[in-house]
Number of protein chains: 2
Amino acid sequence: MSHTLGIRQAQKQKTRQALLDSALGLLEHQSLSSLGLREVTRAVGVAPTAFYRHFRSTADLGVALVEEALGSLHPMIEDTVSTAGDSDERIARAVELIAHHVGAHPAHVRFIARERHGGVQPVRDAIREQLARFAEEVAHALAEHPESAGWSDDDLLMLAGLYVDHMLMAASAFLEALDGSEAERERVARTASRQMRLISIGRRHWLG
Amino acid sequence: MSHTLGIRQAQKQKTRQALLDSALGLLEHQSLSSLGLREVTRAVGVAPTAFYRHFRSTADLGVALVEEALGSLHPMIEDTVSTAGDSDERIARAVELIAHHVGAHPAHVRFIARERHGGVQPVRDAIREQLARFAEEVAHALAEHPESAGWSDDDLLMLAGLYVDHMLMAASAFLEALDGSEAERERVARTASRQMRLISIGRRHWLG
DNA sequence: CCATGCAGTTAACAACTGTTCTCTGGAATT
DNA sequence: AATTCCAGAGAACAGTTGTTAACTGCATGG
């Protein structure tokens, strides 16, 4: 059970969250390496120096954003891969889930896609670590499938990495289609599904 | 036959290229959206205002860099996919070629991976357009293979997109391993090869 | 050989940046 | 009730940014 926070700590976490939210908003049209500390505090309506009470630098804030964007995603991933049903059902469910998540948290998805290869190393490292954790979890979930009989751990991790990469690609494609037509979003969903299906077919015939 | 440039035009292109080169260098540790015009001219050793003689803005320079990084890559791609030999030979050749290209032009690869989802829209658009062209060319090359009998154009483009995305993923992975050990680079190559092989197996069993 | 064109320079502009130091008011502790 | 603590404010710092204007010198075309 978590201890109830005092008025003081509560207010601090509130402004901290406001900083994170404003930063995420400002990052829609720029990269983290060009995000200014003053820019963020101005958007929140707080003095520039208040920033230092919460983060050492904008890079530090970026790492916190990685946690916020990816930290709560682990149960969802595992759940999707572990779900019963044949391959096509799982793929349909996964694509639907990705589309829904992008619609619900577009700024988070944009941030991850953008900063994965971005100019701020600590943030890149944080994202890489989280994605590696995802891949490991997916590999463990895949190992439970009957189709994975005879697979080496290394091959399972290789496949899991392919899935994770493709999930992020699909998420990014959905993001670009967010302001487009319904038909365009449908086209993205169909392409992502077929690509995942092709990978799954490759998986089925990998051995032998 | 190209007309020989006068002293004047030659000098102009020379400084223009110097601007592009310096910018590419500065972009190793930051994103385009944080690259300053003065920063670039200072690195070249030229007055800030000289920048405007060549580019309207840093975004404009970014688009030029996309051209430089991807424009000359089309023959190489087509050549690789069209090469004779069985699937495994083609994959080995492709991975080797990617590794070599990353080693020869790391800054270009970094720039494309970084700005593909970066904060500057005109640059994102330019990269997306070039990658779409790549996918189309790969699709046309794949259509020549006997394995592509019975494939629809749409499915071929879907597969080509998967290949292109994976090539860029592999290139980015090589880039991260550039300063690592030889063993690490070998591991990246093996993983990329197996992932491509899995996709190729999926391709072989796609129909039916 | 002279007049035009134009790549690059110089100087100045208001606006912005990250960071330091000092201060304040109210919550937390004793 | 008295004291400590600390999130946030305020002011000032030197340094940076993009953009404008008017200039200089040299290659070019007539």
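The chains referred to below are lettered A, B, ... by the order of the sequence lines, with proteins before strands, and numbering in each begins at 1. Everything quoted here is computed from the prediction, not taken from an experiment.
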Can you find a side-chain donor-acceptor pair between B/Tyr52 and B/Thr41 that sits under 3.5 Å?
->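 Not at all, the side chains of B/Tyr52 and B/Thr41 share no donor-acceptor pair under 3.5 Å.
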
Using distance alone, with no hydrogens and no angle criterion, decide if A/Glu115 and B/His117 have a side-chain donor and acceptor under 3.5 Å apart.
->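 No donor-acceptor contact under 3.5 Å links the two side chains.
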
Does OP1 or OP2 of D/dA7 have a side-chain N or O of A/Arg16 closer than 4.0 Å?
->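 For A/Arg16, the contact criterion (side-chain N or O under 4.0 Å from OP1 or OP2 of D/dA7) is not met.
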
Using atom [atom1] of [X] as one end and atom [atom2] of [N] as the other, report the distance to the nearest whole Å.
| X | N | atom1 | atom2 | result |
| --- | --- | --- | --- | --- |
| B/Ile7 | C/dA7 | CD1 | C1' | 14 Å |
| A/Leu35 | C/dT17 | CG | C1' | 12 Å |
| A/Gln30 | C/dC16 | CD | C1' | 14 Å |
| B/Arg53 | D/dA27 | CZ | P | 17 Å |
| B/Leu37 | D/dT20 | CG | P | 11 Å |
| B/Phe51 | C/dT10 | CZ | P | 19 Å |
| A/Lys12 | C/dA27 | NZ | P | 17 Å |
| A/Phe55 | C/dG18 | CZ | P | 15 Å |

[options]: which one has an atom nearest the side-chain heavy atoms of [X]?
| X | options | answer |
| --- | --- | --- |
| A/His54 | C/dA28, C/dT9, D/dG8 | D/dG8 |
| B/Tyr52 | C/dT20, C/dT9, D/dT20 | D/dT20 |
| B/Val46 | C/dG8, D/dA9, C/dT10 | C/dG8 |

Is there a donor and acceptor pair closer than 3.5 Å between the side chain of B/Arg8 and the base of D/dC26?
->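 There is none.
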
Checking only heavy atoms, does the side chain of B/Thr49 share a donor-acceptor pair with the base of C/dT10 at less than 3.5 Å?
->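 Checked by distance alone, the answer is yes.
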
Please figure out whether A/Gln11 or B/Ser57 has its closest DNA chain D nucleotide nearer the 5' end.
->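 Of the two residues, A/Gln11 wins.
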
First of A/Gly45 and A/Arg38 reached from the 5' end of DNA chain D, by closest nucleotide =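 Nearer the 5' end of the strand: A/Gly45.
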
Is it true that A/Arg93 and A/Glu96 have a side-chain N and a carboxylate O under 4.0 angstrom from each other?
->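 No, A/Arg93 and A/Glu96 are not salt-bridged.
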
Using a strict 4.0 Å threshold on nitrogen-to-oxygen distance, state whether B/Arg116 and B/Asp165 make a salt bridge.
->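 Salt bridge between B/Arg116 and B/Asp165, a charged N being under 4.0 Å from a carboxylate O: yes.
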
Just do the salt bridge (charged side-chain N to carboxylate O under 4.0 Å, His left out) check on B/Arg90 and B/Glu147 with the steps written out, would you?
-> CA-CA 14 Å; B/Arg90 266 200 303 263; B/Glu147 300 101 304; 3.5 Å; yes

What is the nucleic acid contact for B/Arg56, judged by heavy atoms within less than 4.0 Å: base, sugar-phosphate only, or nothing?
->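 Contact class for B/Arg56: none.
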
